[in-house]
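None of these values were measured; they are calculated from a predicted model. Letters go in sequence order (proteins before strands), and every chain restarts at 1.
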Protein chains: 2
Amino acid sequence: MLAAVKMAKHHPDAKWVYEKVSREIPNISLGTVYRALAALSAEGLIREYRRADGPSLYDPNTEDHFHIRCRSCGRIEDVPPVQLPDDMLESIRRASEFARVDQVRLEFGGICSACAEKTRE
Amino acid sequence: MLAAVKMAKHHPDAKWVYEKVSREIPNISLGTVYRALAALSAEGLIREYRRADGPSLYDPNTEDHFHIRCRSCGRIEDVPPVQLPDDMLESIRRASEFARVDQVRLEFGGICSACAEKTRE
DNA sequence: AATGATAATAGTAACGGTTATCAATAACGA
DNA sequence: TCGTTATTGATAACCGTTACTATTATCATT
Ligand SMILES: [Mn+2]
Ligand SMILES: [Mn+2]
Ligand SMILES: [Zn+2]
Ligand SMILES: [Zn+2]
């Protein structure tokens, strides 16, 4: 299971993992896949990437990075971490009714080069 | 409908709007509420805030701002826009296989002061 | 090996939120 | 008034995920 996610060069969802693993364990159930993926995430071996408009993706890359999504084809790609202002969290804390501000979620959107090619014709 | 969302001092979801509007139009359907909210969003009068772990929220505040979420109680609050590095999008474009990078989604997480009080006791 | 206790699993139902469908109704224009 | 078009309420379908449960596997003890 871990191997299946780790071998993926993209960001697979539970169904993809299920189909991949099913080839070796033909009658595994989707529920077991979800359980295993949740366990692996909890151990920090993979990361779950929850999305609003589709299934969760499971990320073999556990290093600090962000994601960019093509609004034309939905393709998701890794982008290296960007340096955010050092005082950002602290300034957000001051500007809000929050006692602690310690999480940031950042993602980008745009048009991937493949889609840019297509529409340029 | 617009009035219902605009009067909300928080970020209502479709069900909240439905219940609110039902008091004036008793047999309105949830579908109509969804349709109206989508139309208002398309017109730019409100903004839909899609989330992974719960219903979409509809935001009466159409000005540029971000959101912060309390991981203890789920409370969502507005935070004013932060100044991001000017070259951020361009550097992301260079670091990725994307032809265009023009969208940023940023949100924060933490503990709201009410929850901080509670757990400090 | 046989037993019982405990854990993991497959299969499937239920869930929450949203969208699609469609017949009924309303609005409009000639 | 009539025919056309748009909107609506009611409800089914949808999707991804989680809950449930009966069955099966695992393991320690005799
Ligand atoms: Mn990634
Ligand atoms: Mn807001
Ligand atoms: Zn694309
Ligand atoms: Zn809170």
Side-chain angles (χ1 to χ4, degrees), chain A residues 1-5 8 10-60 62 67 69-76 105 107 109, chain B residues 1-5 8 10-60 62 67 69-76 105 107 109:
Chain A
M1 180 80 58
L2 176 59
V5 178
H10 54 304
H11 297 86
D13 61 16
K15 195 144 58 72
W16 187 94
V17 175
Y18 170 63
E19 276 155 21
K20 181 74 48 178
V21 174
S22 290
R23 296 215 265 274
E24 297 176 28
I25 310 167
N27 60 342
I28 196 172
S29 77
L30 186 55
T32 298
V33 171
Y34 271 107
R35 279 190 293 261
L37 291 173
L40 291 170
S41 304
E43 292 174 61
L45 299 174
I46 60 176
R47 300 195 31 154
E48 180 180 6
Y49 177 39
R50 289 224 164 204
R51 301 184 302 157
D53 296 295
S56 282
L57 304 184
Y58 295 87
D59 198 335
T62 56
H67 294 112
R69 179 175 181 284
C70 175
R71 68 170 156 279
S72 168
C73 69
R75 171 192 173 81
I76 284 177
R105 184 187 171 110
E107 46 197 58
Chain B
M1 179 82 55
L2 176 61
V5 178
H10 54 304
H11 297 85
D13 62 16
K15 194 143 59 73
W16 187 94
V17 175
Y18 171 64
E19 278 155 19
K20 182 71 50 177
V21 174
S22 290
R23 297 215 264 273
E24 297 177 27
I25 310 169
N27 61 343
I28 195 171
S29 77
L30 186 55
T32 298
V33 171
Y34 272 107
R35 279 190 291 256
L37 291 172
L40 291 170
S41 304
E43 292 173 62
L45 299 174
I46 61 176
R47 300 194 31 151
E48 181 180 5
Y49 177 39
R50 290 225 165 205
R51 301 184 301 157
D53 297 295
S56 281
L57 305 184
Y58 295 88
D59 198 335
T62 56
H67 294 111
R69 178 175 183 282
C70 174
R71 69 169 154 279
S72 168
C73 69
R75 172 192 171 82
I76 285 178
R105 184 187 169 112
E107 45 196 59

Pairs under 3.5 Å (N/O, protein and nucleotides 6-10 of chain D):
residue: D:dG9; atom: OP1; partner: B:Asn27; partner atom: O; Å: 3.4
residue: D:dG9; atom: OP2; partner: B:Ser29; partner atom: N; Å: 3.2
residue: D:dG9; atom: OP2; partner: B:Ser29; partner atom: OG; Å: 3.4
residue: D:dG9; atom: OP2; partner: B:Thr32; partner atom: OG1; Å: 2.3
residue: D:dG9; atom: N7; partner: B:Arg35; partner atom: NH2; Å: 3.1

5'-most to 3'-most nt of DNA chain C touching chain A (<4.0 Å, heavy-atom partner on protein side) reads C:dT9 to C:dG11
Nearest heavy-atom approach of A:Val5 to A:Pro12 is CG1-CG, 4.3 Å
Within residues 12-19 of chain A, those residues having any heavy atom closer than 4.0 Å to DNA chain D are none
Within residues 41-56 of chain B, those residues having any heavy atom closer than 4.0 Å to DNA chain C are B:Arg50, B:Pro55, B:Ser56
Enumerate, atom names and distances included, each donor-acceptor pair closer than 3.5 Å involving a side-chain atom of residues 16-31 of chain B, sequence neighbours excluded.
residue: B:Ser22; atom: OG; partner: B:Tyr18; partner atom: O; Å: 2.6
residue: B:Ser29; atom: OG; partner: B:Thr32; partner atom: N; Å: 3.3
residue: B:Ser29; atom: OG; partner: B:Thr32; partner atom: OG1; Å: 3.3

Please list every donor-acceptor pair under 3.5 Å in which a side-chain atom of residues 38-59 of chain A meets a protein atom from a residue at least two apart or in another chain.
residue: A:Ser41; atom: OG; partner: A:Leu37; partner atom: O; Å: 2.8
residue: A:Glu48; atom: OE2; partner: A:Arg50; partner atom: NE; Å: 3.2
residue: A:Glu48; atom: OE2; partner: A:Ser56; partner atom: OG; Å: 2.9
residue: A:Tyr49; atom: OH; partner: A:Glu107; partner atom: OE1; Å: 3.3
residue: A:Arg50; atom: NH1; partner: B:Asp53; partner atom: OD1; Å: 2.8
residue: A:Arg51; atom: NE; partner: A:Pro55; partner atom: O; Å: 3.0
residue: A:Arg51; atom: NH2; partner: A:Pro55; partner atom: O; Å: 3.1
residue: A:Asp53; atom: OD1; partner: B:Arg50; partner atom: NH1; Å: 2.9
residue: A:Asp59; atom: OD1; partner: A:Asn61; partner atom: N; Å: 2.9
residue: A:Asp59; atom: OD2; partner: A:His11; partner atom: NE2; Å: 3.2
residue: A:Asp59; atom: OD2; partner: A:His65; partner atom: NE2; Å: 3.0
residue: A:Asp59; atom: OD2; partner: A:His67; partner atom: NE2; Å: 2.9

For A:His10 and A:Pro60 the tightest heavy-atom approach is O-CD, 3.8 Å
